[in-house]
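Working notes, beginning with the structure itself.
In listed order, ligands and their atoms are each counted from 1.
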Amino acid sequence: MIDTHTHIDFKEFDDDRENVIKRFFENGGEKMINVGCDLKSSIRSYELAKNNENIFASAGIHPHDADTVDKNSLKKIEELVQHYKVIAVGEIGLDYFRNLSSQEKQIEAFKLQIELAENHNMPLIIHCRDAYNDLLDILKEYKTSNWRGVIHCFAASQKIAEEFLKLGFYIGFTGIVTYYKDKSELGNELEIYKVIKNMPLDKILIETDCPYLSPVPERGKRNEPLFVKHIAEKIAHIRNTSFKEIEKTTSENAVKLFNL
Ligand code: NI
């Protein structure tokens, strides 16, 4: 299993970080990507990656902190992405749900970091909430032949998923997919089930986004990389296939996209 989106540098793990890492790697975990969301966490992610063979890092500034994107911070992100264990630019994107930075500033910060990724031929880790139309417009505007990435924590419609797939993006699923009741109990097909069922297998990634979004049956507790297995299990269940197949293909997908 590869958890493609962790935040184990966060203070929630200060007391037992080494044990959390160990639990993952001793129970089927192969690799994890610790994702930066501001300058400080990008540096911490890089440090974690530098000190652990199977931990990789991304560097980038989240839309919540778009206000902090300036020449100086971009220069530091650019220095980080040149280290071989830093394998993506992210998480970057748009968040119109919380709007912690203005939408104009978010768009500007997103574009600047896309350019940075393009200059260094890096994949993108994209965060998007309530801003899919603007985000798609920007991605279409910047589409080039060699850029690629993942739409992290996907929770939108089949139609929007198809737009991202057309642009060549991978789709990342978190514990959110485990929050819905079984289709047979509901009697009709949920949109997220439809998305997962129709997704080409070679475009699916699994991610915890820990410490947030703990999947069932751990919901309500602090999330950790090992719990990514519950997401793989749920996807296997929805697609009527085996855990092994989801585990294997999502790992292959992550290795391919991020060149791990
Ligand atoms: Ni995240």
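Between Ile138 and Phe110, the closest side-chain pair of non-hydrogen atoms falls below 4.5 Å.
How far CD of Glu108 is from CD of Glu104: 10.0 Å, rounded to the nearest 0.5 Å.
Looking at His7, its N, O or S atom nearest to the Ni ion (ligand 1) turns out to be NE2. The atom of Asp209 that is an N, O or S and sits closest to the Ni ion (ligand 1) is OD1. Within Glu91, the N, O or S atom lying nearest to the Ni ion (ligand 1) carries the name OE2.
Checked by atom type and distance alone, the side chain of Thr174 never pairs as donor or acceptor with a backbone atom of Asp209 at under 3.5 Å.
Among the atoms of His5, an N, O or S atom is found under 2.8 Å from the Ni ion (ligand 1).
Ring-plane geometry between His5 and His152 is classed as parallel, the angle between the planes falling under 30 degrees on a 0 to 90 degree scale with a further cut at 60.
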